[in-house]
Protein chains: 2
Amino acid sequence: MHAAALTYFRETAKRGSVRRAAAALNVSASALNRQILNLEEELGTALFDRLPGGMRLTAAGELLLQHVVGTLVEFDRVRSRIDDLRAARTGHVGLSAVDSLLVDFLPRALDRFRADFPAVTYALDAANPADVPRLVADGTYDLGFTFVGPTPPSLRFEHEVPAPIGVVMPSDHPLRQKREVSFDDVAPYPFLAQAGPLPRSADVDAGFARFRSGLRPRLVSNSIQALKTAIRLNMGIAFFTRLGFLEEIERGEVAWRPFDSPAINALRIGLLVPANRPPTAPARQLAARLVEEMGRLDSA
Amino acid sequence: MHAAALTYFRETAKRGSVRRAAAALNVSASALNRQILNLEEELGTALFDRLPGGMRLTAAGELLLQHVVGTLVEFDRVRSRIDDLRAARTGHVGLSAVDSLLVDFLPRALDRFRADFPAVTYALDAANPADVPRLVADGTYDLGFTFVGPTPPSLRFEHEVPAPIGVVMPSDHPLRQKREVSFDDVAPYPFLAQAGPLPRSADVDAGFARFRSGLRPRLVSNSIQALKTAIRLNMGIAFFTRLGFLEEIERGEVAWRPFDSPAINALRIGLLVPANRPPTAPARQLAARLVEEMGRLDSA
DNA sequence: CAACGCCATGCCCAATCTCCATCGCACGTT
DNA sequence: AACGTGCGATGGAGATTGGGCATGGCGTTG
């Protein structure tokens, strides 16, 4: 990949002698010497001073050496990262996440990841926020996404993004005028609830849980697509993290407004990884990619 | 210098097609394609996805591309710096400096520089601190060293080092016990003065000038070597910047102690370069080297 | 179905790289 | 003063690599 001349030059600079460098690299001194003479001709300047005892770098040589060493070291790093990729080409990754991320963020991230690792299989399951840590800790899943909170020592949040729960509404809804909405603001409006195969989660914020349990949903569905359409058709509003509707918000089809509760607005979702158990190769790659995608969310 | 494969790979990634890249680089598509296949074999992984319309980088390819682009860009920079060196191989540099730097720092720095630029000639002249800026500004000299102070807009201090004037004494001198010495402390001791071909400089600190003018030197010499020896032989003490005696201090032959005057201890010497007029190639190289050597002083 | 774009491959020649042997030079030893 | 030993530089033969040309296989497009 990199020209042999680079290695030759580096070794010669290191050992201060063409012959010693040649011995170290198992090539003949003449071959090595020619490469260095070629380099000097190409750059139009001497790279070494020829002293009776051997070769010493000139100023230009020092400059070039820095570049060459840097290049070769960096290449080693790149190669080992590529080897990691190769090891991760096949395998299985299990992901346990709170449902808001299953709506939009995770399916899309996985789809993009799949393009690079077509032979990897996935399990992508929703779970209650409080259950995710246990599922990752005991190895049922490789990675988890849940609201950030205290973790057992066997787990660690690899990366976090702010993820307040707010109100998702049609783009012409009156609540859109407010920058933040209170529980009282939303009470009058019809409400759409998601009902998955899971028991309803013990909620992250006690006040919010109490508030929502008092509401009577106009529509309950376990189909996210149905809920999205229902919101667009003005059947009601729903409560989700922004992350579930990034694309629709972007296109102006729905609007999202935060609550006026500091506790809710401080909510963060994090990528949970095992701290002790070494992750499988594909899990490591996927985790790295997810952190990247989360960074993109952050800046958006 | 760098393998052609790097350029081939970069161009192919850029254009998304072997044929287009080959056309842009004036080589045949088959030759270029082979190099890429070789790369993939060497790394043991595909770098491109072959789509009907052309080539798209895989994850491993993205990784490698970063490395390759970085390497080639950096090489361009290195090459141009080497070209600068070559342009500076010959020529002349004029340096005007306060005398303390002529004692030790500048001759040694120039000697090291000369090893890399043997064909450059130098003028190295002492001047009064107050005259240096004018001499550099009007082009009489390319570079200057003087005490830092206000400069005309046509000049600029490229780099500065602290350079308080202090007392140079034999290593077993009683004043050595003090961390800082006062004017009164030194008054009882015999004093050695340097007298160059220059009129005695208008001194940098008014209080110090007054103090020194009251002293009667036991020995006046224009030979620095003579002064150094005289100090070692305990004939007296002298007033210099540390920079004039770095080597002797290091070897323990003489000691140096600062005065207790904040004004004197705040003194700095700086490398003065023209801000408008572009410096000659050798002057630019020498200036860069001098800044490097000054940095070494700083940390010493 | 034909035409066109793409990358992959076989073949041949030219350029490059490597090796071995040798040279000239500067030093230290005898 | 002569010699031996280390150094880099160089010449020539042979192996390796890189390049160009022609062609093949494949998918898309008209």
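Just so it is clear: chains get the letters A, B, ... in the order the sequence lines come, proteins before strands, and each one is counted from 1. Both backbone and side-chain heavy atoms feed into the values below; hydrogens, waters and symmetry mates do not.
In this structure, the CG atom of Asn38(B) is 10 Å from the C1' atom of dG18(D), given to the nearest Å. The distance from atom CG of Leu47(A) to atom C1' of dA9(D) is 16 Å, rounded to the nearest whole Å. Atom C1' of nucleotide dG8(D) and atom CG of Asp49(A) are separated by 13 Å, given to the nearest angstrom. Protein atom CG of Leu39(A) is 16 Å distant from nucleotide atom C1' of dG8(D), rounded to whole Å. The CG atom of Asn33(B) sits 14 Å away from the C1' atom of dG18(D) (whole-angstrom rounding).
No more than 12 heavy atoms of other residues, nucleotides or ligands sit less than 6.0 Å from atom CZ of Arg56(A). Environment of CZ in Arg81(A): sparse, with no more than 12 heavy atoms of neighbouring residues, nucleotides or ligands closer than 6.0 Å.
Among the protein residues, Leu37(B) comes within range of the sugar-phosphate backbone only, with heavy atoms under 4.0 Å from sugar or phosphate atoms but none that close to a base. Contacts of Leu32(B) with the nucleic acid, taken as non-hydrogen atoms under 4.0 Å apart, are absent. Contacts of Phe48(A) with the nucleic acid, taken as non-hydrogen atoms under 4.0 Å apart, are absent.
Of the inter-residue distances, the one linking Leu85(A) atom CG with Gln285(A) atom CD reads 4.5 Å to the nearest 0.5 angstrom.
Between Arg34(A) and Pro52(A), the residue whose closest nucleotide on DNA chain D is further toward the 5' end is Pro52(A). Remark on DNA chain D: of its neighbouring residues Arg19(B) and Gln35(B), the 5'-side contact belongs to Gln35(B), judged by nearest-heavy-atom nucleotide. For the pair Tyr8(A) and Arg20(B), nearest-nucleotide mapping onto DNA chain C gives the more 5' position to Arg20(B).
Side chain of Arg20(B) to backbone of Arg15(B): a donor-acceptor contact under 3.5 angstrom is found. Using modelled atom types, no side-chain atom of Asp49(B) and backbone atom of Thr58(B) make a donor-acceptor pair closer than 3.5 Å.
Ring pair Phe245(A)/Phe240(A) is tilted by interplanar angle, where 30° to 60° counts as tilted.
Boundaries of the chain A contact region on DNA chain C are dC17(C) to dC27(C), first to last in 5' to 3' order (nucleotide atom under 4.0 Å from a heavy atom).
Residues satisfying the side-chain contact (heavy atoms from CB on, under 4.5 Å) criterion with Arg50(A), sequence neighbours excluded, are Ile36(A), Leu37(A), Glu40(A), Phe48(A), Met55(A).
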